[in-house]
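This report refers to the structure that appears directly beneath it.
Every chain is numbered from 1 and lettered A, B, ... according to where its sequence line falls, protein lines coming before strand lines.
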2 protein chains.
Amino acid sequence: MPNNPVQCQFVAALDSIVGKWKPLILYHLLQGKPLRFNELRRLLPDITQRMLTLHLRELEEEELVRRVIYPQVPPKVEYSITEYGMSLSPVLETLHRWGAAHVERKRLIQEQKEQADTD
Amino acid sequence: MPNNPVQCQFVAALDSIVGKWKPLILYHLLQGKPLRFNELRRLLPDITQRMLTLHLRELEEEELVRRVIYPQVPPKVEYSITEYGMSLSPVLETLHRWGAAHVERKRLIQEQKEQADTD
DNA sequence: CGTTGCAGTACCTTTTTTCATACTATACCA
DNA sequence: TGGTATAGTATGAAAAAAGGTACTGCAACG
């Protein structure tokens, strides 16, 4: 951890969120309903099992996500957001909203460029 | 860019913010004052010249940061936040705030652990 | 009796990101 | 005349993140 306090705070926040898939995992779990491993996998069609496992373990370690194993066969494991994890909700939401606007802006610029090309 | 719209929005947002140093660069520029290359370097003591250059170029490409060259010798180049860059302010702020709370929480947990150890 | 679903692990490769060091040209200062 | 400051670039190495494939054991389904 860096000792620069400002940097420190960004790093702490980003460490929890970043990883190619973490925001998405959290987003889905923040919908409230606990999800099984393969349910998450279906929601994130392009993730590999390995990556999903790794990210979930990291989120669990930070107590953002809870993992409950039902001792039955075939296995059942449920993941859900913790109370602490919910505190990330505003961050994710702000990020999500800005992302949407950013995408829209890029689309508009692209459109303008194409318009100029046909002239 | 992924075609999953939800993922798309996170990726778009995170791409702009992430990179070990980008949030910090944006944070400093969001203070309002234009900063010269070496001023930024002093504010981010551990960054290498190369990384600072690369990140600034990326931010410039996304029109989040403006780069103005004064044709004089020795060179003078000033970086400042663009109007569009300012739209990132709420994102950075939310992130920063959560980061601070996260750091504090970790500190508390660490303290409790140490307390338990001395018992 | 073969297939599918469950929740992973093991092992190895590739890609991406970051780091370290050396180098440029010019002007100002002592 | 040597050192410092300016804003970088070039090159190669290292570290971190992500991906790919194969494999497990058991049960239910057809």
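Between A/Arg57 and the phosphate of C/dG8, there is a side-chain N or O to OP1/OP2 separation shorter than 4.0 Å. For the OP1/OP2 pair of C/dG5 and a distance below 4.0 Å, the side-chain nitrogens and oxygens of A/Lys76 include no atom meeting the criterion. Between B/His55 and C/dT17, a side-chain N or O to OP1/OP2 separation shorter than 4.0 Å is absent. Close to C/dG8, at under 4.0 Å from its OP1 or OP2, lies no side-chain N or O of A/Arg36. The side chain of B/Arg50 contributes no N or O atom lying less than 4.0 Å from OP1 or OP2 of C/dC19. For the OP1/OP2 pair of C/dC6 and a distance below 4.0 Å, the side-chain nitrogens and oxygens of A/Asn38 include at least one atom meeting the criterion. For B/Lys20, no side-chain nitrogen or oxygen approaches OP1 or OP2 of D/dA16 to under 4.0 Å.
Side-chain contact between B/Glu39 and B/Glu78 is absent, with no heavy atoms from C-beta onward closer than 4.5 Å. For the pair B/Leu52/B/Trp21, no side-chain contact is recorded, criterion being any heavy-atom separation below 4.5 Å from C-beta on.
In this structure, the CD atom of B/Gln49 is 13 Å from the P atom of C/dT21, given to the nearest Å. Rounded to a whole Å, the CG atom of B/Leu52 is 10 Å from the C1' atom of D/dG8. Here D/dA18 presents its C1' atom at 9 Å from CG of A/Leu54, a figure rounded to the nearest Å. The interatomic distance linking B/Met51 (CE) with D/dA13 (C1') rounds to 13 Å, in whole Å. When the C1' atom of D/dA7 is taken as reference, atom CG of B/Leu35 falls 15 Å away, rounded to whole Å. If you take CD of A/Gln7 and P of C/dT18, they are 12 Å apart, rounded to a whole angstrom. Distance CG (A/Leu56) to C1' (D/dA18): 15 Å, rounded to an integer number of Å.
Which of D/dG25, D/dT6, D/dA7 sits closest to the side chain of A/Pro75 comes down to D/dG25. Side-chain atoms of B/Val73 lie closest to C/dT26 of the nucleotides C/dT26, C/dG8, D/dA18. Residue A/Pro74 has its side chain nearest to C/dC6 when only C/dG8, D/dG8, C/dC6 are considered.
Comparing B/Val18 and A/Tyr79 along DNA chain C, the residue whose closest nucleotide (by nearest heavy atom) sits nearer the 5' end is A/Tyr79.
Under the 3.5 Å distance criterion, the side-chain polar atoms of A/Ser87 are left unmatched by any main-chain donor or acceptor of A/Glu83.
Between B/His96 and A/Phe10, the ring planes lie tilted relative to each other; the angle falls in the 30° to 60° range. The aromatic rings of A/Tyr84 and B/His102 sit parallel to each other, their planes meeting at less than 30°, with 60° as the upper class boundary.
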